[in-house]
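Ligands are counted one by one from 1 in listed order, and the atoms in each one are counted from 1 as well. The first residue in the sequence is number 1, and the count goes up from there.
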Amino acid sequence: MEEANRQGAPTAGGAGAQAGGHRRGRSQRRGSHRQRKPERIPCELARPVFFVGFMGAGKTSVSRRLARLCGIASVDMDSYIERREGKRIRDIFAEEGEGRFRDLETQVLREMTQGDPALISCGGGVVLRPENRAILREGGFVVFLKVDSDEAKSRISDPSTRPLLGDAEAARKTNAERLPLYEEVADITVDTSGKGVTALAYKVKSILEKEGILWPRK
Ligand code: S3P
């Protein structure tokens, strides 16, 4: 799975979707293995859908891919905070501390429950505050993308963008500590191990349709 662009630019449906994030050359795209374009059917959402899970779980990539498939808006909370504050997340942590970042996160999370429902990818630590867990449970439908911390680390191309990731041991410990919190808020859990962004987006789509959260626009 490729790591999502952190600046809020939508990831293209096909570009970077192959393992390792390599784009295919023109000649390869024209070859016999050319991928079928995903079918795009405009849909509506009943409620906001929040993607939660550890760093590197694929929350941003999967929610953006699903948004493109369904013609629905997606918001990445970290990118939103970065644009609003005019600062990178790592600089907010370094200059103002984790507490300030968590306050911004709670403010933005509340905003996300208002207005037109969208697909929202949350930062991995959003579940730490009991207040946020209540907002998630009451304000929308929560998709927990589950990932093993070693796989998560391998998906993150620039660990300096994640001040709380740490080394392999620290990541394993943090992921294990947070697991019960992700489970507490989750309406559904999707295991992401070994799966690509598009397959996961289709899987979440079919679950949301079955749950009556997502349907084709009339
Ligand atoms: C964090 C995860 C990051 C970002 C911040 C803190 C965490 O988001 O919000 O660095 O505490 O797990 P991603 O989960 O999108 O990497």
Side-chain angles (χ1 to χ4, degrees), residues 1-11 21 49-67 74-112 118-133 135-136 142-186 189-190 192 197 200-201 204:
M1 184 188 305
E2 87 274 27
E3 195 194 358
N5 175 335
R6 306 275 295 179
Q7 284 307 302
T11 46
V49 173
F50 295 105
F51 289 80
V52 302
F54 197 59
M55 294 167 258
K59 295 162 295 200
T60 308
S61 308
V62 174
S63 60
R64 281 195 187 138
R65 187 65 47 88
L66 183 58
S74 69
V75 183
D76 176 64
M77 281 185 36
D78 286 344
S79 303
Y80 186 89
I81 291 171
E82 287 185 335
R83 277 198 305 272
R84 212 169 79 164
E85 297 300 298
K87 253 187 192 182
R88 310 300 305 265
I89 299 293
R90 65 176 158 210
D91 297 329
I92 300 175
F93 269 79
E95 291 163 23
E96 302 174 59
E98 181 178 352
R100 168 69 180 151
F101 172 75
R102 297 297 174 204
D103 288 344
L104 292 167
E105 192 170 49
T106 301
Q107 280 170 27
V108 168
L109 186 61
R110 278 195 193 289
E111 277 179 38
M112 296 296 142
L119 301 167
I120 298 137
S121 48
C122 303
V126 76
V127 292
L128 293 173
R129 285 190 171 179
E131 181 186 359
N132 292 359
R133 298 202 293 280
I135 299 170
L136 288 164
V142 182
V143 177
F144 169 29
L145 296 183
K146 194 171 183 180
V147 68
D148 161 67
S149 62
D150 292 336
E151 186 166 342
K153 266 187 92 68
S154 73
R155 290 175 188 168
I156 295 173
S157 53
D158 180 3
S160 76
T161 59
R162 308 305 206 281
L164 299 183
L165 185 60
D167 62 14
E169 192 46 43
R172 228 169 277 146
K173 187 165 171 279
T174 310
N175 198 16
E177 282 167 0
R178 289 180 180 178
L179 182 64
L181 306 180
Y182 294 132
E183 286 173 339
E184 182 188 317
V185 296
T189 298
V190 176
T192 68
V197 174
L200 287 166
V204 173

*Please test Lys146 against Tyr182 for side-chain contact (heavy atoms from CB on, under 4.5 Å), starting from the C-alpha separation and ending with a verdict.*
CA-CA 9 Å; Lys146 194 171 183 180; Tyr182 294 132; over 6 Å; no
_Under 3.5 Å, is there a donor on one side chain and an acceptor on the other for Arg155 and Thr192?_
yes
*Gly124 N/O under 3.5 Å from ligand 1 N/O*: yes
*Say whether Arg102 and ligand 1 are in contact under the criterion: heavy-atom distance to a ligand atom below 4.0 Å.*
yes
*Closest heavy-atom pair and its distance - Phe54, Ala152*: CD2-CB, 4.1 Å
*Would you call Asp103 and Arg129 a salt bridge, using N to O less than 4.0 angstrom?*
yes
*Short list, please: which atoms of ligand 1 are under 4.0 Å from a heavy atom of Phe101?*
9 (O)
_At less than 4.0 angstrom from any non-hydrogen atom of Arg162, what atoms of ligand 1 do you find?_
13 (P), 16 (O)
*Any heavy atom of Arg178 sitting closer than 4.0 Å to ligand 1?*
yes
*Among Asp78, Asp76, Asn175, which residue places a heavy atom closest to atom 4 (C) of ligand 1?*
Asp78
_Close-contact set for ligand 1 against Gly123 heavy atoms, below 4.0 Å_ = 8 (O), 9 (O), 14 (O)
*Does NZ in Lys87 sit with more than 12 non-hydrogen atoms of other residues, nucleotides or ligands closer than 6.0 Å?*
yes
*asked:* Under 3.5 Å between any N/O of Gly56 and any N/O of ligand 1: does that happen in this structure?
replied: no
*Charged N to carboxylate O under 4.0 angstrom, Glu169 versus Lys173?*
no
_Within ligand 1, which atoms have a heavy atom of Leu164 less than 4.0 Å away?_
11 (O)
*Does Glu131 come within less than 4.0 Å of Arg110, counting only side-chain N to carboxylate O?*
yes
*asked:* At less than 4.0 angstrom from any non-hydrogen atom of Pro163, what atoms of ligand 1 do you find?
replied: 10 (O)
_Check: Thr161 N/O within less than 3.5 Å of ligand 1 N/O_ = no
_If we check side chain to side chain contact (heavy atoms under 4.5 Å, CB included) with Val126, which of these qualifies: Glu105, Lys59, Arg133?_
Glu105
*Heavy-atom contacts under 4.0 Å between Lys59 and ligand 1: side chain, backbone, both, or neither?*
side chain
